[in-house]
Amino acid sequence: MRTVTVKLDDKLKKGMAAVAINWSEYIRRAIAERVEREERREAAAKLLDSLQRGFHRVPKGFVNEAIRKAREER
């Protein structure tokens with residue numbers, strides 16, 4: 001693991017001392033959640049961009065074929 005240093009003012013440091021939690025674990029989880037959220041946002045933006053550019057089109061005749069098949073299965 002790597003070490004990350006954060007500077008805090010005295011008031012915040014005293015407030016942290018008054019709360020009985022493992023701050024290192026809390027910060028690790030918060031950072032991991034944020035990184036995951038940003039990765040998902042970036043993936044969604046790429047998907048939206050590719051959809052807007054038309055890279056993911058429904059093949060010609062697919063809708064008609066799907067409707068026909070659904071009707072036959074009734």
Side-chain angles (χ1 to χ4, degrees):
M1 284 196 172
R2 298 278 184 171
T3 301
V4 176
T5 304
V6 178
K7 293 186 177 193
L8 306 170
D9 61 31
D10 291 334
K11 183 179 178 182
L12 183 56
K13 180 65 176 166
K14 287 178 186 177
M16 288 173 64
V19 179
I21 68 169
N22 180 340
W23 286 104
S24 294
E25 183 60 31
Y26 177 83
I27 292 168
R28 266 192 295 275
R29 272 190 267 128
I31 293 170
E33 288 172 7
R34 181 57 187 251
V35 168
E36 184 178 342
R37 190 176 334 138
E38 290 299 317
E39 287 171 346
R40 286 181 181 181
R41 185 192 61 74
E42 186 175 316
K46 285 181 182 178
L47 177 60
L48 181 60
D49 182 54
S50 69
L51 289 172
Q52 289 174 339
R53 290 177 183 228
F55 293 144
H56 293 85
R57 293 186 181 189
V58 177
K60 187 174 182 177
F62 175 80
V63 174
N64 291 340
E65 185 179 326
I67 292 171
R68 193 174 301 116
K69 186 175 180 180
R71 287 177 181 165
E72 290 173 358
E73 292 176 355
R74 287 187 200 172

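Quick note: numbers below take in every heavy atom, side chains included, and nothing from hydrogens, waters or symmetry partners.
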* Under the salt bridge (charged side-chain N to carboxylate O under 4.0 Å, His left out) rule, what do Glu33 and Arg37 come out as? Steps first, then yes or no, please. => CA-CA 6 Å; Glu33 288 172 7; Arg37 190 176 334 138; 5.2 Å; no

* Structure fact -> Shortest non-hydrogen pair, Leu47 vs Ser50, comes out as O-OG, 2.9 Å

* Are Glu36 and Arg40 close enough for a salt bridge, meaning some N to O gap below 4.0 Å? -> yes

* Indicate yes or no: does Arg68 engage Glu72 in a salt bridge with an N to O separation below 4.0 Å. => no

* **Residues, nucleotides or ligands: over 12 heavy atoms within 6.0 Å of Glu42 CD** => no

Nearest 0.5 Å, please: how far is [atom2] in [Y] from [atom1] in [X]?
X	Y	atom1	atom2	answer
Lys69	Asn64	NZ	CG	15.0 Å
Lys46	Arg41	NZ	CZ	10.5 Å
Arg71	Ile67	CZ	CD1	6.0 Å

* Go through the structure and list residues passing side chain to side chain contact (heavy atoms under 4.5 Å, CB included) with Ile27, not counting sequence neighbours. => Ile31

* Asked: Can you list every salt bridge (Lys or Arg N to Asp or Glu O under 4.0 Å) pair that touches residues 1-27, not counting sequence neighbours?
  -> Glu25-Arg28, Glu25-Arg29

